[in-house]
Undergrad: 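Below is a structure I'd like to ask you about.
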Protein chains: 2
Amino acid sequence: MKEIADGLKALSEEVRLRLLLLLHSQGELCVCDLIGALNLPQSTISRHLSYLKNSGWVEGSRRGVWMHYRLTPQLSPLMREILDALAREAANRPETKRDAGNLALYRQNKQSDEAC
Amino acid sequence: MKEIADGLKALSEEVRLRLLLLLHSQGELCVCDLIGALNLPQSTISRHLSYLKNSGWVEGSRRGVWMHYRLTPQLSPLMREILDALAREAANRPETKRDAGNLALYRQNKQSDEAC
DNA sequence: TGACAATATCCGCTTATGCGGATATACGGT
DNA sequence: ACCGTATATCCGCATAAGCGGATATTGTCA
């Protein structure tokens, strides 16, 4: 029971929830995309990604200096179901649209030669 | 988004998760039943019930000195869906059966004239 | 009115947890 | 090998949060 509670603990903090919802809708993103989308300091994003990785929500893969994250395929059916429900609920919320809009803007402004 | 995270915060602590799952399966229980089921101090149970009430998960009704709790009918569809999924997952877990067994035992041993 | 029981709240303590800036580490390019 | 960039981790700080025993409050009964 404690493992279920611990799995949910990841979702009970707004920054991590926003990160997971972005990864849920976008598939895979690199750290700079997530920083651009959430408009938070790099250390904040990195620390939460580390937390999510350690609690079994995401996995990361390094491509040169760039680090990419996605939902882990090993997500349990329970957590997948919960995240799906959260995603449906959040889909039309202004905060979700703001994060997605920031992401699009960030990508637009990125110089192509420094793309991750 | 923070309200969703705060709603989930209630579930990210084992005692509250067990309380909610018991109420989910049993409908309505009084405080002494919950104390008997979880085998935790009265103040622990009471504090968590207060938390759950304040965060919109349960409602309480007083009957004389006895206090009864149930899931609030005003639970949002999202939270209801999440709790349903958790209940299905937890249904066959040993901890869930232990709590239900303790509840049955407690009720069996209760003197009928001090029943709540 | 006083005693008793049920429950809510408080208290001191301890642990958990999030923050952003600073720094350590790793990678790639020259 | 050095420099620049990306990312992970650390640090000091501050706040959050859970615990069980003690206590305050409420309701009931005689």
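Quick caveat, the model's predicted, so the values are computed rather than measured. Chain naming here is simple, since letters A, B, ... match the order of the sequence lines and numbering starts at 1 in each.
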Undergrad: Rounded to whole Å, how long is the line connecting atom CG of A/N54 with atom P of C/dG18?
TA: 13 Å
Undergrad: For B/S50, which contact category applies under a 4.0 Å heavy-atom criterion: base, sugar-phosphate, or nothing?
TA: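 It contacts sugar-phosphate atoms only.
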Undergrad: How many Å lie between CD1 on A/I35 and P on D/dT7, as a whole number?
TA: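 Distance check: A/I35 CD1 to D/dT7 P gives 6 Å.
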Undergrad: Do any side-chain atoms of residues 29-53 of chain A form donor-acceptor pairs under 3.5 angstrom with protein atoms, and if so which ones, sequence neighbours left out?
TA:
from  : atom 1 : to     : atom 2 : distance (Å)
A/D33 : OD1    : A/K110 : NZ     : 3.1
A/H48 : ND1    : A/R16  : NH1    : 3.2

Undergrad: Please list all pairs meeting salt bridge (Lys or Arg N to Asp or Glu O under 4.0 Å) that have one or both residues in residues 96-106 of chain A, counting only residues at least two apart or in different chains.
TA: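 For residues 96-106 of chain A: A/R18-A/D99.
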Undergrad: Would you say a side-chain N or O of A/Y69 is under 4.0 Å from OP1 or OP2 of D/dA8?
TA: yes
Undergrad: In whole Å, what is the span from the NZ atom of B/K9 to the C1' atom of C/dA16?
TA: 11 Å
Undergrad: Side chains of residues 71-88 of chain B: which donor-acceptor partners sit under 3.5 Å, not counting sequence neighbours?
TA:
from  : atom 1 : to    : atom 2 : distance (Å)
B/T72 : OG1    : B/Q74 : N      : 3.3
B/T72 : OG1    : B/Q74 : OE1    : 2.9
B/S76 : OG     : B/M79 : N      : 3.2
B/E81 : OE2    : A/R88 : NH2    : 2.7
B/D84 : OD1    : B/H24 : NE2    : 2.8
B/R88 : NH2    : A/E81 : OE2    : 2.7

Undergrad: So, does B/W57 use its side chain to make a donor-acceptor pair with the main chain of B/G7 at under 3.5 Å?
TA: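 Yes; at least one donor-acceptor contact below 3.5 Å.
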Undergrad: With a cut-off of less than 4.0 Å, is there a side-chain N or O of A/K53 near OP1 or OP2 of D/dA8?
TA: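 Negative; the distance criterion is not met.
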Undergrad: Got a second to check how far B/L20's CG is from B/S25's OG, nearest 0.5 Å?
TA: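 Output value for this atom pair is 11.0 Å.
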Undergrad: Can you name the side-chain hydrogen bond (donor to acceptor under 3.5 Å, both in side chains) partners of A/E95, sequence neighbours left out?
TA: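 Not a single residue meets the side-chain hydrogen bond (donor to acceptor under 3.5 Å, both in side chains) criterion with A/E95.
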Undergrad: In whole Å, what is the span from the NZ atom of A/K110 to the C1' atom of D/dT5?
TA: 14 Å
Undergrad: List in numerical order all residues of residues 16-28 of chain A for which some heavy atom is under 4.0 Å away from an atom belonging to DNA chain D.
TA: none
Undergrad: How close or far is atom P of D/dG18 from atom CG of B/L49, stated in whole angstroms?
TA: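 Spelled out: CG on B/L49 to P on D/dG18 is 13 Å.
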Undergrad: With the 4.5 Å side-chain cut-off for hydrophobic clustering, are B/V15 and A/M1 part of the same group?
TA: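 B/V15 clusters together with A/M1.
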Undergrad: Taking atom P of C/dA6 as reference, at what distance in whole Å does atom CH2 of B/W66 sit?
TA: 4 Å
Undergrad: Within the 4.0 Å limit for protein heavy atoms, which parts of nucleotides 19-30 of chain D are touched? Write it as a string from 5' to 3', B for base, S for sugar-phosphate only, - for none.
TA: BBBB----BS--
Undergrad: CG of B/L29 versus P of C/dT7: gap in Å, rounded?
TA: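 So the CG-P distance, B/L29 to C/dT7, works out to 12 Å.
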Undergrad: Can you sort out the partners of B/R93 under side-chain hydrogen bond (donor to acceptor under 3.5 Å, both in side chains), two or more places apart, ordered by chain and number?
TA: A/E3
Undergrad: Any salt bridge (Lys or Arg N to Asp or Glu O under 4.0 Å) pairs touching residues 54-76 of chain A, not counting sequence neighbours?
TA: A/E28-A/R63, A/E59-A/R70
Undergrad: Return the value, rounded to whole Å, for the distance between atom CE of A/M67 and atom P of C/dG28.
TA: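 Interatomic distance, CE of A/M67 to P of C/dG28: 13 Å.
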